[in-house]
Amino acid sequence: MFAMQLRALGTPLVWTELPDREPGPGEIRVKVAACGVCRTDLHVVDGDLPSPKLPIIPGHEIVGRVDALGAGVTDLAIGERVGIPWLGHTCGACPYCASGHENLCDAPLFTGYTRDGGFATATIADSRYAFPLGEDGDDVALAPLLCAGLIGWRALAMAGDGKRLGLYGFGAAAHIIAQVAAWQGRTVYAFTRPGDVATQAFAKTIGAIWAGGSDEMPPDLLDAALIFAPVGALVPAALKAVRKGGRVVCAGIHMSDIPSFPYSLLWEERQIVSVANLTRQDGLDFLKIAPQAGITTTTSRYRLADANQALDDLRAGRFEGAAVLVP
């Protein structure tokens with residue numbers, strides 16, 4: 001197998017040939033057809049997240065086909081197409097797992113962070129954390145759903161039922177969830193980097209009724225705001241934009257420090273909440289909803305060997321939607 005491997009934090013990924021791996025009990029081996037490039041991959045590579053497994057193969061928006069089964073795997077078949085997300089394993093025994101909050105597990109493994117991921121021609125996964133995808137849809141188009149879509153879905157659920165929804169940071173997750181929100185009958189307001197008129201125009205093509213810079217106020221107060229950009233300064237900006245009793249959902253795994261702000265922005269029962277990972281039920285629910293909502297993903301395709309370029313382009317905001325690696 002071949003992979004793009006991170007050997008030291010803050011350094012480029014290295015093209016590496018590795019021995020083929022065999023799945024252990026309860027595991028599957030998947031031949032990778034496509035793997036999305038997520039902002040979390042940037043956080044892993046740049047060392048923003050603590051204690052990654054090194055060397056590590058990043059990538060956690062994996063679409064591929066099962067080509068080997070470990071002992072005890074009976075619910076998946078050779079040749080079946082599956083999706084492998086960020087949450088790659090949980091202990092099943094801690095209080096969080098026992099109470100249905102496996103996304104907060106005390107001893108988890110994360111794909112592309114603490115276990116090898118999908119920037120490769122093949123990967124090993126816990127069969128319990130692989131979603132059957134069926135045969136509808138293109139591999140590249142489906143890949144961003146496995147994290148950008150899933151974490152966006154969980155963030156949307158945490159936002160409540162409010163109709164006026166603001167999306168701060170209009171990248172891979174927002175471009176998917178904007179479509180879901182519009183399908184649900186919500187009104188979407190898109191916030192981008194100040195002056196990014198191209199992304200603002202793009203947002204309007206997929207459901208946003210208004211798009212402007214993150215330094216602007218929307219024309220109406222929001223019921224809720226989802227923050228996908230890893231910028232702490234957006235928290236007080238979003239609080240200012242939501243109505244009394246409104247909610248601000250921080251949807252990223254990493255964010256820069258939140259600056260101090262006057263209590264008046266939080267007063268009147270406004271709330272700030274965060275999203276951590278996802279549960280398998282989140283995945284099942286979202287992957288069922290996605291075709292009903294008619295989601296189309298905007299993707300930029302890169303060869304696996306060009307993973308460093310894809311990461312650089314993501315960091316610089318050189319494309320709309322999501323980047324996807326294809327072996």
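In what follows, every heavy atom counts, from backbone to side chain, and hydrogens, waters and symmetry copies are set aside.
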Could R154 and D282 be called an ion pair, given the rule that one side-chain N must be under 4.0 Å from one carboxylate O? yes

Check: H175 side chain, T298 main-chain N or O, donor-acceptor pair, under 3.5 Å: yes

Do L109 and I124 belong to the same hydrophobic cluster, where Ile, Leu, Val, Met, Phe, Trp and Tyr are linked whenever their side-chain heavy atoms lie under 4.5 Å apart, directly or via other members? no

Sequence neighbours excluded, which residues qualify as side chain to side chain donor-acceptor pair (under 3.5 Å) partners of E80? none

Share the residues that join L221 in a hydrophobic cluster, the rule being Ile, Leu, Val, Met, Phe, Trp or Tyr side chains under 4.5 Å apart at the heavy-atom level. M217

Could you tell me whether R315 and D46 make a salt bridge, using a distance below 4.0 angstrom between a side-chain N and a carboxylate O? yes

How is the hydrophobic cluster of L69 composed, in terms of its other members, when Ile, Leu, Val, Met, Phe, Trp and Tyr link through side-chain heavy atoms under 4.5 Å apart, directly or indirectly? I28, V30, V32, I62, V66, V73, L76, I78, V82, I84

How about Q309 and D313: does a side-chain donor come under 3.5 Å of a side-chain acceptor? yes

With sequence neighbours excluded, give me every ring-ring contact (aromatic ring centres under 6.0 Å, His included) pair touching residues 44-70. H60-W86

Taking the inter-plane angle between the rings of F286 and W153 on a 0 to 90° scale, is it parallel (under 30°), tilted (30 to 60°) or perpendicular (over 60°)? tilted

Do the side-chain N and O atoms of T16 and R7 include a donor-acceptor pair separated by under 3.5 angstrom? yes

Same cluster for I289 and V275 if Ile/Leu/Val/Met/Phe/Trp/Tyr side chains link at under 4.5 Å? yes

Do the numbers put R280 on top of the ring of Y129, so that NZ or CZ is under 6.0 Å from the six-membered ring centre and no more than 45° off the axis? yes

Under the ring-ring contact (aromatic ring centres under 6.0 Å, His included) rule, what pairs show up with a residue in residues 205-227, not counting sequence neighbours? F191-W210

Using a 4.5 Å cut-off between side-chain heavy atoms of Ile, Leu, Val, Met, Phe, Trp and Tyr, which other residues end up in the same hydrophobic cluster as Y96? L104

